[in-house]
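Worth knowing before you read on, the calculation uses all heavy atoms, side chains too, and leaves out hydrogens, waters and symmetry mates. Position 1 is the first residue of the sequence, and the numbers go up from there.
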Amino acid sequence: LVAGALMGAGDVIAQQLVEQRGLHGHQCPRTLKMMAIGFCFVGPVVGSWYRILDWLIPGNTKVVAVKKVILDQGCFAPCFLGCFLAVTGATNGLSVQDNRSKIQQDYMDALITNYCIWPPVQIANFYFVPLQHRLAVVQCVAIVWNCYLSWKANRM
């Protein structure tokens with residue numbers, strides 16, 4: 001639920017502050033789609049990933065946190081980002097070919113931006129935050145990230 005609400009909030013911020021659509025130009029179906037993606041995809045996938053990562057690399061020392069960040073950012077983030085862009089394109093009604101082109105257009109920029117934001121956040125998250133609160137911490141930090149992703153994924 002938190003992931004869905006924060007994905008929706010990120011979309012509202014993207015539409016109002018970044019795209020400056022105004023209240024009359026706000027695309028409510030887009031916000032609802034982003035909320036659904038957060039609720040049905042982002043929350044369950046990221047929450048499960050943190051449980052798997054904690055099982056693979058237990059503990060919370062500095063070395064463990066660095067190992068988790070390397071695995072998170074080296075394996076999970078690139079795959080997750082591609083899947084997120086694909087899911088968003090599909091919910092926007094893009095054909096398979098158009099969705100593929102959109103992913104090719106947006107993926108590298110999004111991945112580079114990901115690497116500018118997430119490694120320091122994840123080091124702190126894996127070192128200081130208990131497993132049951134990691135998804136909430138990430139989603140709170142992710143409001144800016146969600147705004148960026150919404151803007152990037154919905155730019156046609």
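- At least one donor-acceptor pair under 3.5 Å links the side chain of Asp11 to the backbone N or O of Thr31.
- Of the listed residues (Glu19, Arg21, Gln16), just one forms a side-chain hydrogen bond (donor to acceptor under 3.5 Å, both in side chains) with His26, and that residue is Gln16.
- With hydrophobic clusters built from ILVMFWY side chains whose heavy atoms lie under 4.5 angstrom apart, Phe126 shares a cluster with Val64.
- Between the side chain of Thr91 and the backbone N or O of Thr88, at least one donor-acceptor pair lies under 3.5 Å.
- A distance of 11.5 Å separates CD of Gln104 from CG of Leu85, quoted to the nearest 0.5 Å.
- Heavy atoms only, all atoms of each residue included: Ala3 and Gly38 are closest at CB-O, 3.4 Å.
- Residue Leu1 is not grouped with residue Leu32 when hydrophobic side chains (ILVMFWY) are merged at heavy-atom distances under 4.5 angstrom, including chains of intermediate members.
- Going from atom CG of Leu81 over to atom CG of Leu149 covers 6.5 Å, rounded to the nearest 0.5 Å.
- Smallest separation of non-hydrogen atoms from Cys140 and Leu6: N-CD1, 3.8 Å.
- In this structure, Gln15 contributes its side chain and Gln20 its backbone to no donor-acceptor pair below 3.5 Å.
- Under a 3.5 Å cut-off, the side chain of Asn99 and the backbone N or O of Leu94 do not form any donor-acceptor pair.
- The cluster map of Ile, Leu, Val, Met, Phe, Trp and Tyr, joined by side-chain heavy atoms under 4.5 Å apart, puts Ile70 and Trp55 in different clusters.
- Residues Arg30 and Ser150 have side chains that bring a donor and an acceptor to within less than 3.5 angstrom of each other.
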Between Gln97 and Ser101, is the side-chain contact (heavy atoms from CB on, under 4.5 Å) condition met? List the steps. CA-CA 6 Å; Gln97 185 57 38; Ser101 296; 3.7 Å; yes
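- Of the N and O atoms on the side chains of Asp72 and Trp118, not one donor lies less than 3.5 Å from an acceptor on the other residue.
- The line from SG of Cys83 to CD1 of Ile37 is 12.0 Å long, rounded to the nearest 0.5 Å.
- Going from atom OG of Ser95 over to atom NZ of Lys102 covers 13.0 Å, rounded to the nearest 0.5 Å.
- In the hydrophobic cluster analysis, where Ile, Leu, Val, Met, Phe, Trp and Tyr join through side-chain heavy atoms closer than 4.5 angstrom, Leu56 is grouped together with Phe80.
- Here the CE atom belonging to Met7 is positioned 3.5 Å from the CE atom belonging to Met34, to the nearest 0.5 angstrom.
- One hydrophobic cluster, built from ILVMFWY side chains closer than 4.5 Å, cannot hold both Phe128 and Val46; they sit in different ones.
- Looking at heavy atoms from C-beta onward, Pro78 lies in side-chain contact with Tyr107 at the 4.5 angstrom threshold.
- In this structure, the separation between CD1 on Ile117 and CD on Gln122 is 11.5 Å, given to the nearest 0.5 Å.
- Under the rule for a side-chain contact (heavy atoms from CB on, under 4.5 Å), the partners of Leu131 that lie at least two apart in sequence or sit in another chain are Tyr50, Arg51, Asp54, Arg134.
- Between the side chains of Asn114 and Gln73, at least one donor N or O sits under 3.5 Å from an acceptor N or O.
- Lys68 pairs with exactly one of Leu53, Ile123, Val63, Asn125 by the side-chain contact (heavy atoms from CB on, under 4.5 Å) rule, that one being Leu53.
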